[in-house]
Amino acid sequence: MARPPPSFKTLIHRQNPPRTIQNPNPQIRTLGGGSEEFVQTHHQSKLEGLTQIAKEVSKVIRTRPRWERTLISDYPSVNFLDPQFFHEILKQQNNAFLSLRFLYWLSSANHGFVPDKLLCSVIFDSLVEAKATNAAKSFLGFVDFTPQPDSLERYIRCLCENCDNRSIEEALSVFDYLKEFGFCPALETWNSALFGSVQAGKIDVVWKLYGEMMDNGIVGDVDTVEYLIQAFCIDNNVSKGYELLRQVLEDGFVPSNVAFNKLISGFCKDGKYSSVSALLHTMIAKNCRPDIYTYQEIIHNLCKRGVWREGFRIFNDLKDRGYAPDRVMYTTMIHCLCEMKRIGDARKLWFEMVRKGILPNEYTYNALIYGLCKVGYIEDAKELYKEMCCRGYKETTVSYSTMISGLCLHGRTEEACELFQEMDEKGIARDIITYNSMIQGLCKELKIRESMNLLDELLEKGLQPSASTYTSLIEKLCEMEDLDKAKILWRDMQNRGIEPAVCTYDFIITGLSNKGYVAEGMEWLNAMLKSGLRPQQQTFERLIQCLSRADKLDEVILVLDYMFNVGYVLRKSICQDVVDRLCDKNSLQTLHIETCLGFIMQKEITAPEVF
DNA sequence: TTAGGGTTAG
């Protein structure tokens, strides 16, 4: 994997060096030449005639839907295969798509037109200018033509603006093609490739590209720095990004708010609020006023970490200071209040937003629907869902999953099942969250077979299960003492490389204990502790109870020891149970019992009060 | 209206 560059000391120069690497590929260098010569060999009068007909034909192509069927019979005297005529059409049309359609028609088997390189070049450039990258790509596949490096650079930049993975892949492959032929793209193109890679989350590619930039003697600018800072943040290396920021600030360059906001967001995620504060001060000192995006990052992250009061305080404070929260900001705050079950406050914000003329969108609707479901106002949630649909917002995987999980949470599993079916009928994709919510709901009602069917179904569909997919299934199987099936699921999870939720161990240990398989329970407990996981107190207690009932006193002492080491204290009821059990034994074991009791008493005194 | 931000389980 490519590593981030070790130093940025010489990253920015005011003036970029000239592009010294020349294209050694004669094929690329000669493309597109000869147009002047071409034009000069024809008479002016012929040109005027062609122009007139091209005007008419262009109009036909523009306005008549099925012009392909009649064009030749309508203009029997026109030689459509004359390249010069096509050039005239291009001039008249000034529409890349129509020209391309005309070219495809002319080139089809019946007509057999072969466009010259100049024509290809004009069409390709106009497609790129119209940002029609898909058409440009299909055009390249259709003709035997390689655009000039400058055209390819524009194509790369256009592809990188698209921000989707396929475009970025294509851009990078064209980029590699240029480099292969020794052509060194301009800084603007390097930057757009960096931008595209950042957008696509391809951080390896960012470092690779940056390494190549340095190798080629290309010196970045403030945009380059911005993309590198973003790359560091995505790589969870926020402090390295901050270091880079400080370096360029020292050199007198100030990146845009985007870079600052990414760093702030990264520090918020890490809970490093002193760095957030320092960054806010730096922004103000550098005349970059923290904007709505800056505060939205802060509020969003505070709420995610459960510090909703502080988030709400900042939100209200911003309004007092004259910031106008927008729809996203309102949605973030409403969602956060919903998460905290502050449904009254969330509703107030909703109406405040509407009063200000900001219309809720699908995100806002889903956030409040989620909140209403969470507190059990299912009817209100349904009502709002209807309103959302009436307003023209489409039902989505998220909207359905929100309702399904809300219904399941409040025991209305049948209604959830109906919605689950409806999704299929309406062609709305179910994702792993939809399945997990439904599986949880069904498990709660002990409908294990239905849940297992859903697990099979999601696997068949090629969805990647998560730990939650298995958690409730294993929990219920253990509760129902079907330990064999629970263990099969456990192994299945492990084979798929899914890290089980910690509580899954607890369920299995408790299940084994309840079934009297205490030795195996001990094995699982040991495995759990060895992995540094913390069992729940009830897990220890249940195992201790079952061990003591099975007269396994040594193991009781061992588990008690583990439990105290983890930091739990022995509750009275369990203590009583164990002591009763010990005192029940015959006199031969008196000495041993005394030792045990002594051990318990001693630990009881020294164990920490609260954990 | 430069970019950059928001919704579903556990």
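Labels below follow one simple rule: chain letters A, B, ... track the order of the sequence lines, proteins then strands, and each chain is numbered from 1.
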Exercise for the section: Can you check each nucleotide of nucleotides 4-10 of chain B against protein heavy atoms at under 4.0 Å and return B for base, S for sugar-phosphate only, - for none, in 5' to 3' order? Expected result: BBBBBBB
Assess whether a salt bridge exists between [X] and [Y], defined as any Lys/Arg side-chain N lying under 4.0 Å from an Asp/Glu carboxylate O.
| X | Y | result |
| --- | --- | --- |
| A:Glu475 | A:Lys444 | no |
| A:Arg154 | A:Asp150 | no |
| A:Glu169 | A:Lys202 | yes |

Handout entry: Those residues of residues 423-430 of chain A lying under 4.0 Å from DNA chain B by at least one heavy atom
Key =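 Nothing qualifies; none.
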Exercise for the section: Using disulfide bond (SG atoms under 2.5 Å apart) as the criterion, list what pairs up with A:Cys478, not counting sequence neighbours. Expected result: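 If we apply the disulfide bond (SG atoms under 2.5 Å apart) test to A:Cys478, skipping adjacent residues, there are no hits.
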Problem - Cation-aromatic face contact A:Arg327/A:Tyr363, 6.0 Å, 45 degrees - result: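 No, A:Arg327 and A:Tyr363 do not form such a contact.
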Problem - Cation-pi check, A:Arg355 onto A:Tyr330 ring (under 6.0 Å, within 45° of axis) - result: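 Not satisfied by the 6.0 Å and 45° rule.
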Problem - Residue pair A:Arg391, A:Glu362: steps toward the salt bridge (Lys or Arg N to Asp or Glu O under 4.0 Å) verdict - result: CA-CA 10 Å; A:Arg391 290 265 157 93; A:Glu362 57 180 311; over 6 Å; no
